[in-house]
Amino acid sequence: MNSNYNPKLIEEKVQEKWNKENRYVSKIDDREKYYCLSMFPYPSGKLHMGHVRNYTIGDVISRYKRMKNFNVFQPMGWDAFGLPAENAAIANNVSPKDWTNQNIENMKAQLKSLGLSYDWSKELRTCDSKYYKWEQLIFKRFYDAGLVYRKKSIVNWDPVDETVLANEQVIDGRGWRSGAKIENKEIDQWFIKITNYADELLDSLDSLDWPDNVKTMQKNWIGKSKGAEIKYKIENSDDFLTTFSTRPDTIFGVSFLAISPSHHLAIELSNNNKEIKKFLEECKEIKTAEADIVKADKFGIDTGLSVIHPLSGKKLPVWIGNFVLLEYGTGVVMGVPAHDVRDFEFASKYDLEIKQVIETENNELPILEEGKVINSENFNGLMSDEATKKIIDRLEELKLGEKLIQFRLRDWGVSRQRYWGCPIPVVYKNGEPSVLDEKEIPVELPELDKDSPPIPLSQNKEFLKIRDDIARESDTFDTFMDSSWYYARFTSADNDKNIFDENTKYWLPVDLYIGGIEHAILHLLYSRFFHKALRDIGLVEGDEPFKRLLTQGMVLKDGAKMSKSKGNTVDPQSYIEKYGADTVRLYMMFTSHPEQSLEWSESSVEGASRFLKKIWKLINGKKYNRLSSRFDFTKEELSLRRKSHATLKKVENDYEVRFSFNTAIAAIMELLNFIPDEYKNENSLDSQKYCLDEAILFILQMLSPIAPHICEYLWDSFYEDGPSIECSWPEISETLLEIEEFELIVQVNGKVRGKVNINKGSEQKEIENIALNIENVKNYINDSEVKKVIYVKNKLVNFVI
RNA sequence: GCCGAAGUGGUGGAAUUGGUAGACACGCUAGCUUGAGGGGCUAGUGAGUGAAAACUCGUGCGGGUUCAAGUCCCGCCUUCGGCACCA
């Protein structure tokens, strides 16, 4: 039995065994359940390294949990609707459906070759009407629950191609295909009232075992802020302009109002004013993405209108500002140049009054922090918080304002003007929309003619026209809709009669959700909202979909994200073929902590492969001796046993608590390196054999979540008629871990000057004496007086002189 | 611009609660093994000084707190993720 490690052969063999046994099909049973979910991929064609990393992490944890006797559910599916299929369809003259299905087949084969322990019996794809018919049903139920409405909103309009473009399709303000200048266009769209849940989405973050940075990002995104709504009467009119401000204490510093270019007042004014009309035209050239709006130069135009300051009674000019978002607040900003950076820039540019009304130690305008109120009539001298209260009280008396809590979170626009998405189940009777009844669902996406490019549904006459006076909705759903509830549908994916069933009840919530940090806000927030809304219409239980979250970092090459456009991608398949899945998995887990970015390195793959070869060489051909542990172990033997158990303890903690697979692997490597050579000889002592066998069993068990093929193969040949490696995890012996000696660090003035072995039970005085007698320590202390001794138990002693 | 991260040897990274910086690997150097290549094995490997013992410096930059700072605080720089129509 001196054969070399042949990953291809053993991986095929082991995978065949798993298939035969249907080993990873999960059923309800008495054990504690563990639903481990990795974010399903967009079927782009080939697996990339980010997928491999994501799915290996999920698989390692799933396998570990199985060994710990959990009933594990780990499904996989496809986020199959989206733009790339349409683009590929145009580029390659294939239908989005065929392209997508082909990609799914390829990627599924790749996933299988990685040895991921998925329950494929629950596979789903979002482009399948078996899936999206339920999504249409959910939309109907949401509509009935009052969560759906229609509203005008702005899109990127390509006037040449006459299509709506995604933000990423607008490059430098121009359409990526046509090159035409992109315009803002307002159209009617469907919205879902996620803001109804703003408070709950915020509050229940506390209950989640999620990374703090993700919770913080979500919290800031929801953006609950306390302030006041303040009304400014328009001069010579009975109308008011309403603003929201978090800083009512600065109200006497207001020197202008700025309204959004999309504000109805701005549009009305433009009808009679050429300059304003021109200005609004110019504003239409800015992309709709917030990052672009903020980066754009701030400019504005005076409307000529004035408003009356609610407290001072002064006249203030009304401007239109390109930086004011209609979606946020009321679409009107009160400009306080002395205490806001953006207002300061704007006022400086257009020579508007800058009036300081807050005083702090810092004198440089703009002063952003709170302080003492000045130049504010009878509120002078108050501190900001008190002034805020009194000013709001005063506004309320005058009925010109009131206390208000405002969220940054906006309602979710779910309409998309595309082909490859879930049709929105709505019809228009004489132009009046109505959401379809459950029995009229599903609305299936129409098939395309062989040669037809994927034209938006709005141009598909056959699909649209039901009767002369009845037409279908031509928009499809945002693909975030598809991915907002798939975690729940997985549990019942094979049930065609009901959306959810008893399995849903059993498996939810997801115990661990793993995916890229780039989804920290949108996808995760939408899913959380969906879960709560589904709960409220009685379809699921519990308040949150994902109990624990692990956000993985990017896979980089040469310091940049691997991407097709940069041409720095590395194809995982070639590595799986060359080194085997176990090596690729091991490499991925060893190279860095899952939450950090991973720098791809060719040569480290070799290292991972070498480690597996070492294990193969040590174990292949050996048989478990099944000796009892009743030996008087030598000190050396004991130290190997201790190392085995200490490694086990560390690895458990790394797998379970820290998700720190790289250090777990390093510890296993250390253990392997620690085994003395003579123990590996055939004529070693029985006591040595015992220690070696123990180490071998531990190594195989500890490593098998990461490199399952080689470990199971070696386990089966080493431990004939033993238990399945998947149903066994070793027991730690705590007594073995108790050590009698430790290495004391001796410092003088905080610098290490010596180390010495000390018995654990020693008294502090005794330890100090030993430390003071170290030659090098003596040299440093000389005749100096020891002013202070810091002693950290079982660790170090520091003499301060 | 706003929100959230990251920065440690030639490289990937470790240091879990403020307590030995560089675990574990890769690479490199030398030696052994081999007909050669590959592979394997042994030793060394942060920089500098030194024959050695040992010492000095050293965790993006500049300050600070502390007996002690990669870790805490203040101010910067760079890179990455998100910013609501990429998924």
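If you're wondering where the values come from, they're calculated on a predicted model, not measured in any experiment. Order of the sequence lines fixes the chain letters, A, B, ..., with proteins taken first and strands second; residue numbering starts at 1 for each chain.
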Check: residues 216-224 of chain A side-chain donor-acceptor pairs under 3.5 Å, at least two apart:
| residue | atom | partner | partner atom | Å |
| --- | --- | --- | --- | --- |
| A:Thr216 | OG1 | A:Asp212 | O | 2.7 |
| A:Gln218 | OE1 | A:Arg528 | NH1 | 2.8 |
| A:Gln218 | NE2 | A:Ala520 | O | 3.0 |
| A:Asn220 | ND2 | A:Thr216 | O | 3.4 |
| A:Lys224 | NZ | A:Asp199 | OD1 | 2.7 |

Subject >> Check: A:Glu518 side chain, B:rC86 base, donor-acceptor under 3.5 Å >> reply: no
**OP:** Run the ring-centre check on A:Tyr487 versus A:Tyr513 and record whether the distance is less than 6.0 Å.
**Re:** no
Under 3.5 Å, side-chain donor or acceptor atoms of residues 784-792 of chain A against the rest of the protein: list the pairs with distances, not counting sequence neighbours.
| residue | atom | partner | partner atom | Å |
| --- | --- | --- | --- | --- |
| A:Ser784 | OG | A:Ile781 | O | 2.9 |

**OP:** Using a 4.0 Å heavy-atom cut-off across all strands, classify A:Asp654 as base, sugar-phosphate, or nothing.
**Re:** nothing
Original post:
Going by number, which of residues 78-88 of chain A have a non-hydrogen atom under 4.0 Å from RNA chain B?
Top reply: A:Asp79, A:Gly82, A:Leu83
**OP:** Classify the side-chain pair A:Asp158/A:Ser178 by whether it contains a donor and acceptor separated by less than 3.5 Å.
**Re:** yes
Pick out the pairs of N or O atoms, protein on one side and nucleotides 18-20 of chain B on the other, that lie under 3.5 Å.
| residue | atom | partner | partner atom | Å |
| --- | --- | --- | --- | --- |
| B:rG19 | N2 | A:Gln747 | OE1 | 3.3 |
| B:rG19 | N2 | A:Asn798 | ND2 | 3.4 |
| B:rU20 | O2 | A:Lys755 | NZ | 2.7 |

**OP:** Check every strand shown and say whether A:His519 touches a base, only sugar-phosphate, or nothing at a heavy-atom separation below 4.0 Å.
**Re:** base
Original post:
Do A:Glu168 and B:rC85 have a side chain to base donor-acceptor pair shorter than 3.5 Å?
Top reply: no
Subject >> Partners meeting ring-ring contact (aromatic ring centres under 6.0 Å, His included) with A:Tyr575 (sequence neighbours left out) >> reply: A:Trp600
Original post:
How would you label the contact of A:Phe477 with the nucleic acid (heavy atoms, under 4.0 Å): base, sugar-phosphate, or nothing?
Top reply: nothing
**OP:** Indicate, with a heavy-atom threshold strictly under 4.0 Å, whether A:Arg753 touches base, sugar-phosphate, or nothing.
**Re:** sugar-phosphate
Please write out the pairs of protein N or O atoms and N or O atoms of nucleotides 28-33 of chain B separated by less than 3.5 Å, giving the distance to one decimal.
none

Original post:
Can you name the residues that form a side chain to side chain contact (heavy atoms under 4.5 Å, CB included) with A:Ala664, not counting sequence neighbours?
Top reply: A:Val651, A:Asp654, A:Tyr655
Original post:
Taking only side-chain nitrogens and oxygens of A:Asn653, does any of them come within less than 4.0 Å of OP1 or OP2 of B:rU16?
Top reply: no
Would you list the protein and nucleotides 38-48 of chain B atom pairs, both N or O, that sit under 3.5 Å from each other?
none

Subject >> Residues forming a side chain to side chain contact (heavy atoms under 4.5 Å, CB included) with A:Lys46, sequence neighbours excluded >> reply: A:Gln110, A:Asp571
Side-chain polar contacts of residues 793-801 of chain A - donor-acceptor pairs under 3.5 angstrom, sequence neighbours left out - could you list them?
| residue | atom | partner | partner atom | Å |
| --- | --- | --- | --- | --- |
| A:Asn798 | OD1 | A:Asn749 | N | 3.4 |
| A:Asn798 | OD1 | A:Gly750 | N | 3.0 |

Subject >> Stems formed with participation of RNA chain B [Watson-Crick or G-U wobble, under 3.5 Å, three or more pairs] >> reply: B:1-7 with B:77-83, B:10-12 with B:24-26, B:27-33 with B:39-45, B:46-49 with B:54-57, B:60-64 with B:72-76
**OP:** Under 4.0 Å between any heavy atoms, over every strand shown, what does A:Phe480 touch: base, sugar-phosphate, or nothing? Just pick one.
**Re:** base
Contacts under 3.5 Å, N or O only, protein and nucleotides 1-7 of chain B:
| residue | atom | partner | partner atom | Å |
| --- | --- | --- | --- | --- |
| B:rC3 | O3' | A:Asn220 | ND2 | 2.7 |
| B:rC3 | O2' | A:Asn220 | ND2 | 3.1 |

Original post:
Are any of A:Tyr780's side-chain N or O atoms less than 4.0 Å away from OP1 or OP2 of B:rC55?
Top reply: yes
Subject >> Under 3.5 Å donor-acceptor pair, A:Lys751 side-chain atoms to B:rU56 base atoms >> reply: no
